[in-house]
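Here is the structure we will look at, set down as structure tokens.
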6 protein chains.
Amino acid sequence: MRHDGRAAGELRPVAIERSYLKYPEGSALIAMGDTIVVCTATLEDNVPIFRKGAGGGWVTAEYAMLPRSTKTRSLRESKGRINARNLEIQRLIGRSLRGVVDFPAMGERTIWLDCDVIQADGGTRTAAVTGSFVALAEAFLMMKERGLVEKLPLKGYLAAVSVGLVNGAALLDLDYKEDAAASVDLNVVMNGAGGMVEIQGTAEEGTFNREQLDLLLDLAGAGIKELIRKQQEALGEEAVHLIESACRYGE
Amino acid sequence: MRHDGRAAGELRPVAIERSYLKYPEGSALIAMGDTIVVCTATLEDNVPIFRKGAGGGWVTAEYAMLPRSTKTRSLRESKGRINARNLEIQRLIGRSLRGVVDFPAMGERTIWLDCDVIQADGGTRTAAVTGSFVALAEAFLMMKERGLVEKLPLKGYLAAVSVGLVNGAALLDLDYKEDAAASVDLNVVMNGAGGMVEIQGTAEEGTFNREQLDLLLDLAGAGIKELIRKQQEALGEEAVHLIESACRYGE
Amino acid sequence: MRHDGRAAGELRPVAIERSYLKYPEGSALIAMGDTIVVCTATLEDNVPIFRKGAGGGWVTAEYAMLPRSTKTRSLRESKGRINARNLEIQRLIGRSLRGVVDFPAMGERTIWLDCDVIQADGGTRTAAVTGSFVALAEAFLMMKERGLVEKLPLKGYLAAVSVGLVNGAALLDLDYKEDAAASVDLNVVMNGAGGMVEIQGTAEEGTFNREQLDLLLDLAGAGIKELIRKQQEALGEEAVHLIESACRYGE
Amino acid sequence: MRHDGRAAGELRPVAIERSYLKYPEGSALIAMGDTIVVCTATLEDNVPIFRKGAGGGWVTAEYAMLPRSTKTRSLRESKGRINARNLEIQRLIGRSLRGVVDFPAMGERTIWLDCDVIQADGGTRTAAVTGSFVALAEAFLMMKERGLVEKLPLKGYLAAVSVGLVNGAALLDLDYKEDAAASVDLNVVMNGAGGMVEIQGTAEEGTFNREQLDLLLDLAGAGIKELIRKQQEALGEEAVHLIESACRYGE
Amino acid sequence: MRHDGRAAGELRPVAIERSYLKYPEGSALIAMGDTIVVCTATLEDNVPIFRKGAGGGWVTAEYAMLPRSTKTRSLRESKGRINARNLEIQRLIGRSLRGVVDFPAMGERTIWLDCDVIQADGGTRTAAVTGSFVALAEAFLMMKERGLVEKLPLKGYLAAVSVGLVNGAALLDLDYKEDAAASVDLNVVMNGAGGMVEIQGTAEEGTFNREQLDLLLDLAGAGIKELIRKQQEALGEEAVHLIESACRYGE
Amino acid sequence: MRHDGRAAGELRPVAIERSYLKYPEGSALIAMGDTIVVCTATLEDNVPIFRKGAGGGWVTAEYAMLPRSTKTRSLRESKGRINARNLEIQRLIGRSLRGVVDFPAMGERTIWLDCDVIQADGGTRTAAVTGSFVALAEAFLMMKERGLVEKLPLKGYLAAVSVGLVNGAALLDLDYKEDAAASVDLNVVMNGAGGMVEIQGTAEEGTFNREQLDLLLDLAGAGIKELIRKQQEALGEEAVHLIESACRYGE
């Protein structure tokens, strides 16, 4: 049994609140246990230089933590310290979300995803991916409503979760305490059909083998399915209907 | 009548939530209308070099806005852009709070106040001062509980509010729309006894005279009294009792 | 009596030299006692993006101190340290000067005001405002001479002074020694008609009340009147005549 | 057949030159096809703060590319641009190498691994891991020779390779052309016993499933075995002997 | 006799390899003894703002050292430290090479010269000048081949060498050991006709007189002649022929 | 005849004011024609790490220009732009002054020389060297007065001047107009005995030969002699006496 009473394959309590803020085109507050992330989606009528003339849009992400989202206070990045971990994470978020976006359908526009961690108790990067999907979907819904796009520029749902080996046991959705004790740590991003979009596995101690990897991917798959149900609840029936028709589009 | 139906001397709905986050020694979420600021207080067992050996503590503040707390997205400061407005505001917050701190009673310790704006609808700097007082008081309460200090190192309550002249009328607690239309903008920080700790007034158009200044300071005084009542409600009876005995201390 | 023999309402010796440098469109060297500031005004045939198409000009300021303008040497800003105090001051200078500029009359042009402190003995920011007015006026005079503007784009004179409470006494134009001992410090910017453009008051110790504020504003008003006479002497009769007709323009 | 005539499971020509430079404690030049990386290992008699008193050493890595190692010239990082890709890669290199280091056996020392790409034709990060192992081993051999350590502080060999799906085919050791065309890209780091230390897989287009992942991991395993043989050839018999006895140590 | 057996007027073994890398328009690897520098030339179809409309091209240089090219590891510049020595050297390289370029013949194009030191044993800046000439000539040859220019935009050969006084003796091409012991250090850049393009002499101890300067310039002249022969060997007969006709052009 | 009526070997009017500022241990204002530089010397009771335990002191310099010291306004360095020219110049100033300092006699102390250009009309770097010598001498005189050193830590006088070839004529002390037209530009630093401490010559167009170099060095030598007389006048008889006995010391 886990220190907080969860079963090995059980997520922490998940709460996703759509439209959390009033200014952004899309926004979501996601809590997975004590991990809390504000995700916003900002629409810009432009694409970066390397995408000009490519006949479609772009999605990019930024990730940061409030100084006291963690046990000890961290320096703000404005203090000139480059935070390599943040940069690595925001590249993962951007790459993952781009995996389910229909760029030609977006037109020459960019969505900026901002993920700001209010409180960090493990799994902030995967929570940021899951929450960003909701903010992104909201921004696309708004674009459709305003007539900027004909269909939602989405090819599928997307969510992420962490799994790991702790004292030899494969566990879903590690909190900070478990993460610190894990010998293997694997972040998995999947779409609604269970296809893998990104996997990142690290042995913190020793190595891992194919069997262990399989076990971890099974757990992750089940967890992501549940997270996508939570995204659907947060988005509401009408949004789900529009997303699903967009995903079927072109089949 | 104001665009949101308020009277000239009426605050927006104020909500202050104490202990908003689990890690910091003190924290508060303050909402004044649609302006939302997370304030945290972090204890460090050290003082900056210029305070070493001065026989007491220090309080310093940092202020930032989430990129999409505003109508248009702003660049993160990690992108190397110096944000002079943020620096000016954090200097005001630190200076103001230091005005009610009993440094010798703190011991050689520093409190870092972090004010992060989640949503900005005018008056973020004054909301940050008011919220920071609650986070600071919480950190001091924790220090007393842990036996680090004998009495709360506080000399009084502290809150802040903006006032301004809009179309010739003196108004309390301007929201963004009013602020943009104001000819004079005045930020006022007062302690619980109505003494001024800081005033900053700017004529955005034309100038202002002594009579207008008096009118604005009257409005601000009343507003700050009400804000201190809100701080007391958020802190709770026991905390209020301890703060009050600390403030009377030495009389 | 003050440590340098001045009366409470007496300025330090003031010297303003117009056209101090040969390249800038306007320049002034201002000395208030041992405080010395070089002010220059640079004309740029362009406005910042946020002013494009607004049908008028812009005025902005920068402020810095030579490394050894102070008792101890300070690091140059090129060393990557952000100097928040400098940024706060330059925002004050820019805001203040903009208070007396007739933007539509400037055309789509920018004036850059550079204030560089050669020696600092208290009151550098107010000396910078007072000196910048002369540099700005010179640049406008040159623009009129070259036929770039029909009238001087000025709506009034502008000067600034510091006042403060030192050992309970209200004093005008604090030098460094007095400033360090002051319990309240107030910087006041007024136009030629005595209207307030900016006030910034801080209680360094305790608080201040309305009566004290009134006393300080009286002192400041008298000091600023005298400073404007000094500006007029430095500018010379012909310039004064042109400024005055510009200020009356449109009445 | 691949564009350069290789079979699906064939590495590009691999050349590893030990002791490439005269100053560093360890160094290697690794070429995988046209990808060329200089790897150096620098010994420092110190550990970072977070490792002090932990009773052992540390290994950290930095990675950069010469401006014209690529088809188009890139800006130097000294120009103030943060290169997030480089930071992500150097975190991977450091994490991977730490996976086979026996920290207590190092003593309180740090090895800095510097990986500088002279020419980039795909797979620079995996070449950097493979080359860094040789530089690190050299530095450890030197430490043993100087009597700083009793045994080589190594727990195993380590090498890395990229694999990917290109037009549906699983290929080993992608060059730039193949990488650009790949729908799935997987970087794999394994130790000498075939245990996984790190895997990073990304679907550039669509998603990938478990079957495809298995295929790719098989290819990677075979490639890494061969790379470790190349490392052994470069290091020479005596070094191999010492590494192997270090790895068996404690069994 | 010198510590490595050379005569006073003898260069270290010189090796110049043309076309060292596959992507740049021009590249050379130069070794002078243990000093190794990679020089590349990148063609850009543009000129910097200050050269627009001047009817010709531009050549600029950047210089850096790999962190472990020296006895002790140096911080990478991306760490935010400005390296004034590198900046001084790259200004020297750019200025020197511009001395033999026929700008009007280049068209509105820029060549970026990148000099990256792989191993530093004294004389890296002069090796960088000598190697850059070869990379630059290669880029110009390629431009001619592609029909971008009618003639090579060169007015002469260019090479550089260091000379110095060590224990009273004038020596050619100092290595690091000699450089550290030199009382006078002189870097000389000359063209193929022996005309001086740049000289930089520094007395590290005491001063130097005209006689000593003459002695050093004699040595340098002979060394540079030999270096130009090495450049010609590296470039090959055909290139030499084209360069020579370009240099005679217009006589 | 030169555009300002000077003879080929004539300096511009030179004015050196000792003790220009009240805080620094040494300071001088130097004007050479319209070029004006403030030089200050700051004493620090410490040496940089690389000088610790070397049994002596250190001298280092910084150089900057006020934004509007030139015809067009330049960006402040605090804006994050590295100014390579400034860095090159400050390295020259520090190196030159160190050439006449008796480090063991200084004790473990550092002098910071700050050279800030108020107005630039050519020759700012050489004016900065000449003025810095006066500021440095003043700081040493103060150290002797306070009993920190037994003798002035000086081995000689030091001054610098620029010379150049303009339309084939060798000219002393170029102003900006002449500098812009010069085909060869040479900066020379000499001590009181006419020994060369540093020479930096650049052909802006074509090359220069030994004969021309000799001519230029002759002019420079005569100019520097005159500049040293000006330094002596500024320093005054008593200071000159002390400097001369310090320079003879140990003979």
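Letters A, B, ... mirror the listed sequences (proteins, then strands); counts begin at 1.
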Taken in chain and number order and not counting sequence neighbours, the residues that satisfy side-chain contact (heavy atoms from CB on, under 4.5 Å) with E/Glu226 are E/Leu11, E/Arg229
Report, in residue-number order, which members of residues 194-220 of chain F are under 4.5 Å from chain E by heavy-atom distance. F/Gly195, F/Met196, F/Val197, F/Glu198, F/Ile199, F/Gln200, F/Gly201, F/Thr202, F/Ala203, F/Thr207, F/Phe208, F/Asn209, F/Arg210, F/Leu213, F/Asp214, F/Leu217, F/Asp218
Got a second to check how far F/Glu88's CD is from E/Arg85's CZ, nearest 0.5 Å? 13.0 Å
